[in-house]
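Read through the structure below, which is laid out as structure tokens, and then see the notes.
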Amino acid sequence: MARSILVTGGTGTLGSLVVRHLLDAGSDVRVLSRHALPGEGYAPVAVDLRDGAGLDTAVEGAHTIIHCATTLRGGDIESARNLIEAAKRAGVEHLVYISIVGIDRLPLGYYRTKLAVERLIENSGLRWTILRTTQFHDLVARFCRAQARLPVLLIPAGISVQPIHTDEVAARLAELGTGEPAWRVPDWGGPEVRGLDELARAYLRSAGRRRPVLRIRLPGKVSRGYREGRHLTPERAVGKITFDEFLAGTH
């Protein structure tokens with residue numbers, strides 16, 4: 001019998017792809033989100049992780065939890081705490097968490113939150129796996145799309161990124177979720193480290209738009225950390241799909 005796997009944030013950009021890979025592998029999948037959206041092949045569960053109401057029922061019987069749910073609006077730490085406590089009560093065997101390369105090297109608020117969640121998981125008493133990855137192609141493209149609404153693209157100077165395809169990360173999470181706990185696994189980065197201004201120009205070419213690109217130097221510790229490449233992992237350039245190949249499939 002296939003192990004039951006609960007995916008939090010399973011209707012989101014990453015989570016929905018994780019669910020698809022799990023279903024393709026024959027896993028028994030439950031999808032947890034704030035709004036239970038029906039889908040083919042899985043059982044939807046409506047729970048707001050921030051208050052935890054109904055979480056014990058959602059987690060009951062799950063062998064593994066893949067925790068993809070996150071928000072920039074706050075509440076990730078409380079959500080993780082509620083999920084961990086419910087997982088412990090239910091006897092969950094494996095908790096998988098998706099994190100970000102450089103969260104321990106950049107003083108960014110959201111990164112501090114991700115690091116705090118990592119620490120909660122590491123000290124939870126559960127068996128766990130944590131995967132850190134670089135930024136997704138989707139995120140870089142959204143940034144460029146928003147900038148392209150302006151007459152001039154204002155791009156932070158001296159910053160490179162190493163974007164990775166979301167589906168490649170999803171496949172890796174599904175693989176980790178169907179395996180045994182592996183603790184902190186090696187980071188995953190995209191295939192190329194490229195200047196953000198260069199990626200912006202690639203986006204404009206792909207979208208058939210003309211805009212000047214203005215590089216601006218931003219002050220502060222966070223910007224300096226990005227310029228120093230603390231969010232990169234060039235030695236772990238395991239992704240296969242480049243940003244240009246991603247763009248070719250979206251325009």
Side-chain angles (χ1 to χ4, degrees), residues 1-50 52-71 76-100 114-133 136 166-188 238:
M1 179 179 296
R3 293 173 173 176
S4 178
I5 300 177
L6 175 68
V7 181
T8 73
T11 59
T13 301
L14 174 62
S16 60
L17 294 174
V18 173
V19 169
R20 180 172 60 78
H21 283 287
L22 290 171
L23 292 174
D24 288 346
S27 298
D28 174 28
V29 182
R30 275 180 262 169
V31 170
L32 185 151
S33 64
R34 280 180 293 169
H35 307 288
L37 301 175
E40 186 175 349
Y42 66 78
V45 184
V47 172
D48 187 338
L49 286 170
R50 290 171 297 183
L55 190 52
D56 283 337
T57 300
V59 172
E60 184 179 1
H63 176 279
T64 298
I65 297 173
I66 302 179
H67 186 30
C68 296
T70 187
T71 176
D76 277 9
I77 294 174
E78 190 60 34
S79 294
R81 188 175 289 117
N82 290 336
L83 184 66
I84 287 167
E85 292 306 314
K88 290 165 68 174
R89 289 191 293 269
V92 170
E93 295 288 335
H94 188 189
L95 175 58
V96 180
Y97 183 57
I98 179 65
S99 193
I100 306 170
K114 296 290 284 187
L115 186 60
V117 172
E118 283 192 6
R119 298 292 179 260
L120 285 174
I121 292 171
E122 291 166 356
N123 296 318
S124 67
L126 295 167
R127 302 170 75 210
W128 50 268
T129 300
I130 293 175
L131 171 67
R132 290 182 182 179
T133 74
F136 297 158
T166 311
D167 193 55
E168 292 182 305
V169 175
R172 176 62 172 152
L173 283 175
E175 178 185 37
L176 292 170
T178 53
E180 296 301 316
W183 319 117
R184 171 78 187 279
V185 296
D187 296 344
W188 267 43
V238 297

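The first residue in the sequence is number 1, and the count goes up from there. Since the structure is predicted, the reported quantities are computational estimates derived from the model, not experimental observations.
- The two residues G177 and I66 make their nearest non-hydrogen contact at CA-CD1, 3.9 Å.
- Taking CG from D187 and CD1 from I100, the interatomic distance works out to 11.5 Å, rounded to the nearest 0.5 Å.
- With contacts defined as side-chain heavy-atom distances shorter than 4.5 Å, the pair L173/L14 qualifies.
- Inter-residue side-chain proximity for V18 and V29 is flagged as unmet; no heavy-atom pair is nearer than 4.5 Å.
- Taking each heavy atom of A69 and G9 in turn, the nearest pair found is CB-N, 3.6 Å.
- Side chains of L49 and N82 form no contact here, defined as non-hydrogen atoms less than 4.5 Å apart.
- Residue K88 holds its NZ atom at 11.5 Å from CG of L95, rounded to the nearest 0.5 Å.
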(request) Assess whether side-chain contact (heavy atoms from CB on, under 4.5 Å) is satisfied between R184 and E122, documenting all intermediate values. (result) CA-CA 9 Å; R184 171 78 187 279; E122 291 166 356; 5.6 Å; no
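- The minimum heavy-atom distance between V45 and A58, with the atom names listed, is CG1-CB, 3.4 Å.
- For R20, the salt bridge (charged side-chain N to carboxylate O under 4.0 Å, His left out) criterion is met by D24, D167, not counting sequence neighbours.
- When side chains are defined from C-beta on, I77 counts as touching V117, because their heavy atoms get closer than 4.5 Å.
- Contacts of E93 classified as side-chain hydrogen bond (donor to acceptor under 3.5 Å, both in side chains), with partners at least two apart in sequence or in another chain: none.
- Listed by chain and residue number, nothing satisfies the side-chain hydrogen bond (donor to acceptor under 3.5 Å, both in side chains) test with E60 (two or more places apart in sequence, or in another chain).
- In this structure, S27 contributes its side chain and L23 its backbone to no donor-acceptor pair below 3.5 Å.
- Considering every non-hydrogen atom in both R3 and T178, the closest pair reads NH1-O, 4.1 Å.
- Every residue meeting the side-chain contact (heavy atoms from CB on, under 4.5 Å) condition with S124, not counting sequence neighbours, appears here in chain and number order: I84, L126.
- In this structure, the separation between CH2 on W183 and OG1 on T129 is 7.5 Å, given to the nearest 0.5 Å.
- Not one N or O on the side chain of T8 forms a donor-acceptor pair closer than 3.5 Å with the backbone of L32.
- Of all heavy-atom pairs spanning H67 and I98, the tightest one is O-CG2, 3.6 Å.
- Under the rule for a side-chain hydrogen bond (donor to acceptor under 3.5 Å, both in side chains), E168 has no partner lying at least two apart in sequence or in another chain.
- Between L55 atom CG and R50 atom CZ the span is 13.5 Å, to the nearest 0.5 Å.
- Within the 4.5 Å cutoff, the side chain of T71 has no heavy atoms near those of the R34 side chain.
- Annotation for H94 and L176: closest pair CE1-O, 3.2 Å, computed over non-hydrogen atoms.
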(request) Take V96 and L131 through the test side-chain contact (heavy atoms from CB on, under 4.5 Å) and record every step on the way to the result. (result) CA-CA 8 Å; V96 180; L131 171 67; 6.0 Å; no
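- Every side-chain hydrogen bond (donor to acceptor under 3.5 Å, both in side chains) that R132 has, sequence neighbours left out, goes to D104, E118.
- A 4.5 Å side-chain heavy-atom check between R172 and T133 finds every atom pair outside the cut-off.
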